[in-house]
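Written below as structure tokens is the structure these notes are about.
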Amino acid sequence: MGAVTDDEVIRKRLLIDGDGAGDDRRINVLLKSFTKWCNSPGTPEEGFTQYQRVMATLGQCEFSMGKTLMVYDMNLREMENYEKIYTNIEQNITSAHEKIAECKKEIQRAKRVRKNRQEYDALAKVIQQHPDRHETLKQLEALDKELQQLSQIKENVDAKLELRKKQFHVLLSTIQELQQTLENDEKSDNDDNQESPAQTGE
């Protein structure tokens, strides 16, 4: 079914009640009663009765008007109240957006802090795997002493090696001189042996 328009509602009411409904009907009844009372040729008692009816209808209209005014004032107050509520809601929404933006910033800062802490923890684990500065200095001192000792040993070995080289050189020279001497002696002996038979033949 389609939506019913205001014109259709009014048309149906007029068809049901030709004088209208609600306040419109009361006003129409009041006008008819007043006109009838003014044009009534009846007795004073009938006129007074008609007058009472008009006043009763007028009282109903005044009561209805007062009630309508009260409803109107109440609606105005409700509208003002709704405006205040709407303003408060808008302020709360704005405040909520600001809080959300601040929370997002806090989340970003927390993520950055967490990332830094994770990096610090990783570096700390790497650092803990290595000795501390004092221990490292002690090891360096020990290595330096050991290096000095090895340098001294190397110098001693080099000196001994140089001495052995000189001694070996002297030994080789002596052997060569001895060999030369032996060769000279052997040659001299051979010469002497060759001269001896020649002298014997003479």
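Computed from a predicted model, the values in this text were never measured in an experiment.
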Determine, using the 4.5 Å side-chain heavy-atom cutoff (strictly less than), whether Met74 and Ile85 are members of one ILVMFWY cluster.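 Per the 4.5 Å side-chain linkage, Met74 and Ile85 are not co-clustered.
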Between atom [atom1] of [X] and atom [atom2] of [Y], what is the distance when rounded to the nearest 0.5 Å?
X      : Y      : atom1 : atom2 : result
Ile100 : Ile93  : CD1   : CD1   : 10.5 Å
Asp144 : Gln149 : CG    : CD    : 10.0 Å
Lys125 : Leu123 : NZ    : CG    : 11.5 Å
Ile175 : Phe168 : CD1   : CZ    : 7.5 Å
Leu172 : Glu177 : CG    : CD    : 11.5 Å
Lys165 : Glu162 : NZ    : CD    : 5.5 Å

Taking only Lys NZ, Arg NE, NH1 and NH2, and the carboxylate oxygens of Asp or Glu, determine whether Asp158 and Lys154 approach each other closer than 4.0 Å. yes
Atom CD of Glu90: over 12 foreign heavy atoms under 6.0 Å: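 Yes, enclosed.
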Neighbour count >12 (heavy atoms, 6.0 Å) for atom CE, Met70: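 No, CE of Met70 has 12 or fewer neighbouring heavy atoms, counting only those of other groups under 6.0 Å.
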Hey, does Gln167 have a side-chain heavy atom less than 4.5 Å from the side chain of Arg164? yes
So which of Asn75, Asp73, Leu69, Thr68 actually passes side-chain contact (heavy atoms from CB on, under 4.5 Å) with Val71? Asn75
Quickly, which of Gln118, Arg114, Glu119 forms a side-chain contact (heavy atoms from CB on, under 4.5 Å) with Asn116? Name it, please. Glu119
Tell me whether Asn184 contacts the main-chain N or O of Gln180 through its side chain, where contact means a donor paired with an acceptor under 3.5 Å.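 Side chain of Asn184 to backbone of Gln180: a pair is present.
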Backbone of Gln91 reached by a side-chain donor or acceptor of Ser95 within 3.5 Å: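 The answer is no, because no donor-acceptor pair under 3.5 Å joins these two groups.
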Evaluate the side chain to side chain contact (heavy atoms under 4.5 Å, CB included) criterion for residues Glu183 and Gln179: first the C-alpha distance (whole Å), next the side-chain angles of each, then the deciding distance (0.1 Å), finally the verdict. CA-CA 6 Å; Glu183 288 178 356; Gln179 186 177 5; 3.7 Å; yes
side-chain hydrogen bond (donor to acceptor under 3.5 Å, both in side chains): pairs with one or both residues in residues 97-109, sequence neighbours excluded: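 Non-adjacent pairs meeting side-chain hydrogen bond (donor to acceptor under 3.5 Å, both in side chains): Glu102-Arg109, Glu106-Arg109.
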